[in-house]
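All values below come from the heavy atoms of this structure, side chains included, with hydrogens, waters and symmetry mates left out. A note on names: the letters A, B, ... follow the listed sequences, proteins ahead of strands, and every chain is numbered from 1. Model, not experiment: these values are computed from the prediction.
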Number of protein chains: 2
Amino acid sequence: MSKKIHSISCLNCSSWNKSVFCDLQSDQLENIDNHKSSDFYEKGETIFKEGGFARGLFCVKKGKIKLSKMGPSGKEQIIRFAKDGDIMGYNSMLSKSKLSSTAVALEGSIVCFVPANDFFGLIKSDPNFSLKMLELTAKNWNEASRLITDMAQKTTKQRLAEMLLWLKETFGLDEENCINVKLSREEIANLVGTATEAVIRLIGELKKEKLISLDGKRIKLLDIHGLAMLANRLE
Amino acid sequence: MSKKIHSISCLNCSSWNKSVFCDLQSDQLENIDNHKSSDFYEKGETIFKEGGFARGLFCVKKGKIKLSKMGPSGKEQIIRFAKDGDIMGYNSMLSKSKLSSTAVALEGSIVCFVPANDFFGLIKSDPNFSLKMLELTAKNWNEASRLITDMAQKTTKQRLAEMLLWLKETFGLDEENCINVKLSREEIANLVGTATEAVIRLIGELKKEKLISLDGKRIKLLDIHGLAMLANRLE
DNA sequence: ACAGTTTCATGACAAATATCATACTTTAAA
DNA sequence: TTTAAAGTATGATATTTGTCATGAAACTGT
């Protein structure tokens, strides 16, 4: 189970300035501080489950989280990731529907929980916050519509290349150009939307083509431009 | 080219109550009235183009519109539809990015244009409107994430069944259980994310399986439950 | 009514991908 | 450390789907 930890103030949060709360005044943050709670989740722990009820907003203080949906035949589909400063669960709250995805920690993560009332209070009282939220949801839509098009039109190999680039953009690269997140082959398959075996084979091909290399379990990007070409990114 | 037509007041608009503007006060609507314009678009006409700049919001007074993205190899991908009371172009405005899709009329349609300033004015001044917009964008996300999962995991035939049901839910059925919108096979293919030939073949199969029948160009749904089973809809 | 164009339809074939079977390898647990 | 379990890898095969070719049917404008 997740461990309740001592909440530090949003004012001192290392991820505050990356978050949607970055423009709030200190009295607004204090109000959140008074009602929020913070939890630590081990790698593999579930933060919330698809189909559940959203009583509030989750904000990632530190960590890496995958958000996935159950496909029709019980196969997981990773929809997006959340990292430091990202928020989760707001779509269900806003649309007053069940949580549309499951959140699982990819590594030890600290996640704060802000009750729905405080969130809606901000929206009612602070137009700038609303605008910030709208900006966020609009960006999400742009991402999503691109993803729909990619899923529908690109080959598995192109999608794999695309996802490797997406992972790079989301989590960045370490000193050795390795993608800064650990995913199993199965998780990559659940992101690309294919079978695990296919991912294994295609990673092998990308390796042969000198686009990537494997440093243990870590994936090193050797030729980012080549990957972008393969993924058929026009922009 | 589209024809500029005489704008009638939002107060008398037949689609007003279905729209995101339904809770506005008459003075707010009058303000929109003073700045908006209305245009008629013939079937096949383009309302706006992907990559363009969003100077405002498009609101469908009457009609049926497809919103699509260009895929990497130049193939159109239909992302969503808009009908009476639906708005378009707001995601690009909100995220301050280029229009992420192209809007084309599927039949003669009347579309009003509301300048960005008025839209942002509403958001700044009316928290209820912001909330309504957030509700809308959140619902869009839920739709989109479902669509991503479907595209990634379902077979072409399942996706076709899924899309037929989606069309039914979006545009409804006429007296004879036919889907209330006319799409070419190619457009259906661009919605399902497959080749036109595949759609033609699969429509043939669905016909043989007595799930649908063809009444000229119109698609009649014979067995909605059967289609839902095939599409593997769990809920 | 006509020719020209587009849309719809079907077959043959090639390519991509899923599935199943089976090892090997690493990680975790006893 | 040993054993079990999970994750990774590879081959063989079947299925699905895309592509190309061709022809019929429906629509369009003159």
Side-chain angles (χ1 to χ4, degrees), chain A residues 42-45 66 71-78 104 106-107 150-163 181-209 212-219 230-232, chain B residues 42-45 66 71-77 104 106-107 150-163 181-209 212-220 230-232:
Chain A
E42 298 281 2
K43 175 178 172 169
E45 262 192 283
K66 65 173 175 183
S73 33
K75 193 172 141 70
E76 168 185 270
Q77 181 66 40
I78 298 180
V104 173
L106 291 170
E107 58 179 52
D150 286 352
M151 288 293 184
Q153 300 198 355
K154 287 185 180 175
T155 65
T156 308
K157 192 169 181 182
Q158 288 179 313
R159 294 206 304 271
L160 174 60
E162 183 69 51
M163 293 305 172
V181 67
K182 258 193 190 169
L183 293 175
S184 69
R185 297 290 187 262
E186 191 183 358
E187 284 172 318
I188 296 175
N190 293 343
L191 179 59
V192 172
T194 187
T196 309
E197 296 96 319
V199 164
I200 291 170
R201 269 180 252 268
L202 292 170
I203 284 182
E205 287 185 31
L206 295 184
K207 220 167 66 177
K208 263 189 205 142
E209 293 160 21
I212 64 172
S213 70
L214 296 183
D215 189 357
K217 200 167 184 167
R218 299 182 310 157
I219 298 172
L230 171 57
N232 211 336
Chain B
E42 297 282 359
K43 174 178 175 174
E45 261 192 283
K66 66 173 174 183
S73 32
K75 194 173 139 71
E76 166 185 271
Q77 182 65 40
V104 173
L106 292 169
E107 57 179 53
D150 286 351
M151 288 293 184
Q153 299 197 355
K154 288 185 180 174
T155 65
T156 309
K157 193 170 179 178
Q158 289 179 312
R159 294 207 304 271
L160 174 59
E162 182 69 53
M163 293 305 173
V181 66
K182 259 192 189 169
L183 293 175
S184 70
R185 297 290 186 263
E186 190 183 359
E187 282 172 319
I188 296 177
N190 293 344
L191 179 58
V192 172
T194 188
T196 310
E197 296 95 319
V199 164
I200 291 169
R201 268 180 254 268
L202 291 169
I203 283 181
E205 286 184 32
L206 295 183
K207 220 166 67 177
K208 262 189 203 142
E209 293 160 19
I212 64 171
S213 70
L214 296 183
D215 189 357
K217 200 165 184 169
R218 300 182 309 157
I219 298 172
K220 183 184 236 168
L230 171 59
N232 211 337

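The side chain to side chain donor-acceptor pair (under 3.5 Å) search around A/E162 returns A/R146, A/K154, A/R233, not counting sequence neighbours. Under the salt bridge (charged side-chain N to carboxylate O under 4.0 Å, His left out) criterion, A/E205 pairs with A/K157, sequence neighbours left out. Under the salt bridge (charged side-chain N to carboxylate O under 4.0 Å, His left out) criterion, A/R218 pairs with A/D174, A/E176, A/D215, not counting sequence neighbours.
Taking 4.5 Å as the limit, some side-chain heavy atom of A/R185 sits within range of a side-chain heavy atom of A/I203.
One distance of note links CD of A/Q158 with CG of A/D150; it measures 9.0 Å at 0.5 Å rounding. A distance of 7.0 Å separates CG in B/L230 from OG1 in B/T155, rounded to the nearest 0.5 Å. To the nearest 0.5 Å, the span separating CD1 on B/I212 from CG on B/L160 amounts to 7.0 Å. Distance NZ/B/K182 to NZ/B/K217: 6.5 Å, rounded to 0.5 Å. The CG atom of B/L106 sits 8.0 Å away from the NZ atom of B/K43 when rounded to the nearest 0.5 Å.
Note on the helix from C/dA1-D/dT30 to C/dA30-D/dT1: angle between the axes of the first and last five pairs equals 60°, rounded to 10 degrees.
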Please list every donor-acceptor pair under 3.5 Å in which a side-chain atom of residues 187-199 of chain A meets a protein atom from a residue at least two apart or in another chain.
| unit_1 | atom_1 | unit_2 | atom_2 | d |
| --- | --- | --- | --- | --- |
| A/E187 | OE1 | A/S184 | N | 3.0 |
| A/E187 | OE2 | A/K66 | NZ | 2.8 |
| A/N190 | OD1 | A/K75 | NZ | 3.2 |
| A/N190 | ND2 | A/E76 | OE2 | 3.1 |
| A/N190 | ND2 | A/E186 | O | 3.4 |

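Between chain B and DNA chain D, the heavy-atom contact criterion of under 4.0 Å yields a 5' to 3' nucleotide range of D/dT17 to D/dC20.
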Quiz prompt | Annotated protein contacts, base or backbone, on nucleotides 7-20 of chain C with a non-hydrogen cut-off under 4.0 Å, one of B, S, - each | solution = -SBBBB----SSBB

